[in-house]
Each structure stands twice: as structure tokens, then as C-alpha cells.
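Structure record follows, encoded as C-alpha cells.
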Number of protein chains: 2
Amino acid sequence: MIVKSKQPNVKGTVPRRSYRQFCSLARALDILGERWTLLVVRNLLLGPQRYKDLLDGLPGIGTNLLARRLKDLEQQGIVRRRQLPPPAGSTVYELAELGRGLEPAVIALSRWGLWTLQHPRPRNLFRPAWGMLAMRILFRPEAARGVRETYQWQIDEEVFHIRVDDGAAEVQQGPAPHPDLVFTCDSETFRGLAARTLSPEDALASGSLKFEGDVAALAHFREVFQPPD
Amino acid sequence: MIVKSKQPNVKGTVPRRSYRQFCSLARALDILGERWTLLVVRNLLLGPQRYKDLLDGLPGIGTNLLARRLKDLEQQGIVRRRQLPPPAGSTVYELAELGRGLEPAVIALSRWGLWTLQHPRPRNLFRPAWGMLAMRILFRPEAARGVRETYQWQIDEEVFHIRVDDGAAEVQQGPAPHPDLVFTCDSETFRGLAARTLSPEDALASGSLKFEGDVAALAHFREVFQPPD
DNA sequence: CTGCATCCGCCTCGATACTG
DNA sequence: CAGTATCGAGGCGGATGCAG
């Protein structure tokens, strides 16, 4: 005789599959362990996104699956659905407190995965937003003591900024009010920088990477975002 | 026309499902994101395990799935298969360098998941080994400066130890040579301690938790393994 | 056009049985 | 003890439908 461990599957109240272990890792994976879930969180770490933005930023996800993940994440209190004020009026998804608390875990997993970028797969896509995650990985809090600067990155048509404030760093999409430094490059160059297969020196020397701003700020940036070698 | 992105699926050389993104998080999840994989790593973080130990420590996993996960993890260089020297002679699985590098990510995810233990699910199982993971989470490096002690935990029939060495902590299964402190309790008590629904004071007062050793070491332990509140 | 819902084929998962 | 073989159920991926 087969005993169903799940409820009769009332539509909308599906009791998610669970490891049924009293363990914080297992419980975390009950919530985040399904396919695409952590990648949705990754994309939302840069700021609120519309449904369409998420679809574009998650190439390969099915539109149905994205909808389901967002619904689950919202129900779990990780993601919040919000209407932008007029005249925009569009709905955006953003991380709730619980979701923002995932940053350390996302960073830790990404840092572990850094080695894989040395062995690139043939047909892998790249988005500048994912490269900004690498910036978050390379950030060294102890080297940022006393530093209070904002760095802006313009990669092709996309803009991001990093706000460093004395040991803390925040990476967000969009321009910053008064950046101390503005970098400009194309997506290909940024890809190399993020994967550390292209050194900043070479990129600056070849002109594929340009910067505008104080030279002292550039020195700070290079000091603060250094690989742990 | 439908283009198959995968190879003809030759047995043994299956090209694993991939997000196909040039992103360290996506690549990490290509390797670790499938069901049970990180839980296998969690169990191996406490030391080498036989196949049977892993099956017991991962209730709910199918034996076929465990075999497949171990094979994949070994091929990825995360897990190593090793024969114990005679007279034991049994095969054990242990983490390779790459696998040991996963500890920060596992800790980070577990720490995020700690809040879930306040809302226990009805039929969730518990193993002392999972509680030792909580110990690793509660460890505060800055409070362990200058501390160089070993704490042993005897939970029902299982034994673990924690070696603290000036800002670093290592949690392993089995007894320690010369522990500075030995705790003894049953699984139920330990579960409450790990979930922080039972305070050490109450446990010691009620006698469900006993300790043997130096009182100064007990003070150190309490200082070093404190919640971040 | 955005923001989903529905449908369908395939592949992974989970449970059990079985073998060296 | 240490796995392999088998098979049904369900999650996933891709295409398409549809309402605001």
C-alpha cells in the first residue's frame, strides 16, 4: 500500500516537497533548493525588477516557471510584489528583509564557484549584472576601512554602481547621484574582468576599459576590490 | 524544427543539465544545485563516511540517488573515494580540497535557514550530526581570539568534538584525544540547544545536559558559541 | 506589450527490488 | 555492506494561449 505523504493537492496550496529534516540547511534548501530559485534572488539583489526584466536576465527559464518561483518566494516572505507609483504604474518584484538576508549565502556560493569561470563552457551566455556579482565577491571589507566612495560602471547600455561605506559595500543597478569614479567598457571586456582572465591594467592600457574621475579613487577601488590571492 | 542541445545521452558521459550562464553562482548551482547534493556535502563535513553511514544520515534519499550523487561529486573533484587500510578495509567517502572549500557556503546557507527552526514542521527527523552544524554557525571567530581548547559532545551514542584554535573552529565526528570539556546529553536535549529553543542554563539546571571539565573552559565555550543577537 | 496560465514531452526523482 | 536495475509520478523546459 502506498501512503501519500502529501495533502490532496488543493490548487494554490501545494505543500512543497520537503526533505523533512530538522536542520537549518535542509530547511533552507526546502525553500531555495529548487531550480532557478537562487538565480532569481541573485538578479533581485541588484534592485527591483519587472517580470520582463527577470525573464531577460534569466535566459533559459520558462515563463511559467518564473511565475511559479515568484509566487512561492512571495509566499515565503522572501520577495515582495509592489506597484510603482504613477505614471510608471508597472509591477516590480523586490527582495523583502528575508530575501536581503540571503546575500551572504549567495556571495559564499558564488565565491566558491569562481574557479569554474577559468574553465568556460562553449555556449554560455553572459549578462553584465552577473559580473557585478563578482564585484561583490572581490570586495574586501578590511581594505575598505575609512573608504566612503561610489563607483559607477557603464557596460554597453547598462549602468550599475557600487557604494562603499567603511567596510560595507552595496551593489545596485542604475546610476549613482555623484559617483567618485565612472568606468566605461563593453560587455566582453567586463566579462574578462569579472572572470579575472583580463587584468585591469591590460584593459586600461588597451583602452577597452576607460575611467573618469579622481586617480586617488581609482587606487582605492583597486585596493578594495582585490582577489584574495 | 527542434534542435536538441544535449548530446545523444551516451551512458556514463551524460552532459549534466546546465544553466548555460557565464556566472559563478550559476556554475556552482550546475554542480551543487540538484536535489540532495549539498546535504551529502553537509554530512561529509564532519569527516569520512561509509556508504551506509551516508544513507543513515540522509533519511529519505534513495540508494540509487545517493550512488549517483557520489559518482558525480567524485567526478567533479569534490568528493574522494578511499579504501581504509586493513583490517578495516571498507570504502569511505571524504571531501577533497574543492569540497572542503564549500564549508563557508554551507555555513552561510544554514545560518540563513536558522529562523526556520523556530517554526518546526510536524514529522521532521533529527540527527545529532545536523545539530553540530548549528555549533559551526554559532561560532564567533572574534570571540575565540587566544582560545585554544577542544570540546567534546556525547549525544546518546554519538560523539563529536570541536577544536577551537584562535579564531578558527573545526567540527568533526568521533572523540578527541584530550578534550578540555565533555558535554553529555540526549538527542532531544541537543535538538533544543541547536534550535535555541532550550537555553544552556535551563538544560544544565534540569540536568538534561551535563558537563565534565574545567569551569573556565565552560565559560570560554559559552562565550565563543553565542548567537549573534 | 506585459504578465502570466495552460498544455505536453521528457527527464529527474523516489521507492522498491535485486545482485555481488 | 555497497551498490545496480526498474518503474511510476511528478518537476522541468519549451511552445503557445490569453487577458488587461
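Chain A is the first sequence line, chain B the second, and so forth, proteins listed ahead of strands; every chain is numbered from 1.
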Nearest-Å distance, CZ (Arg17(A)) to C1' (dG14(C))? 9 Å

If I take atom CG in residue Leu66(A) and atom P in nucleotide dT2(C), what distance separates them, rounded to the nearest angstrom? 14 Å

Please classify the nucleic acid contact of Tyr93(B) as base, sugar-phosphate, or nothing, using heavy-atom distances under 4.0 Å. sugar-phosphate

For the helix from dC1(C)-dG20(D) to dG20(C)-dC1(D), figure out the bend between the end axes, five pairs an end, and round to 10 degrees. 30°

What is the distance, rounded to the nearest whole Å, between atom CD of Gln49(B) and atom C1' of dG3(D)? 17 Å

The side-chain contact (heavy atoms from CB on, under 4.5 Å) partners of Glu97(A) (sequence neighbours excluded) come to Arg80(A), Arg100(A)

Test of understanding: with side-chain contact (heavy atoms from CB on, under 4.5 Å), list the residues that count as partners of Asp165(A), not counting sequence neighbours. Arg148(A)

Integer-rounded Å distance: dG3(C) C1' and Asn64(A) CG: 13 Å

Under 6.0 Å between ring centres, would you say that holds for Trp153(A) and Phe183(A)? yes

Distance-only polar pair, side chains of Ser90(A) and Tyr51(A), donor-acceptor under 3.5 Å: no

Salt bridge (Lys or Arg N to Asp or Glu O under 4.0 Å) filter on Arg82(B), not counting sequence neighbours, yields Glu94(B)

Below 4.0 angstrom, which residues in residues 23-40 of chain B have at least one non-hydrogen atom near DNA chain D? none

What parts of residues 51-63 of chain A reach DNA chain C, counting only heavy atoms under 4.0 Å away? Tyr51(A), Lys52(A), Thr63(A)

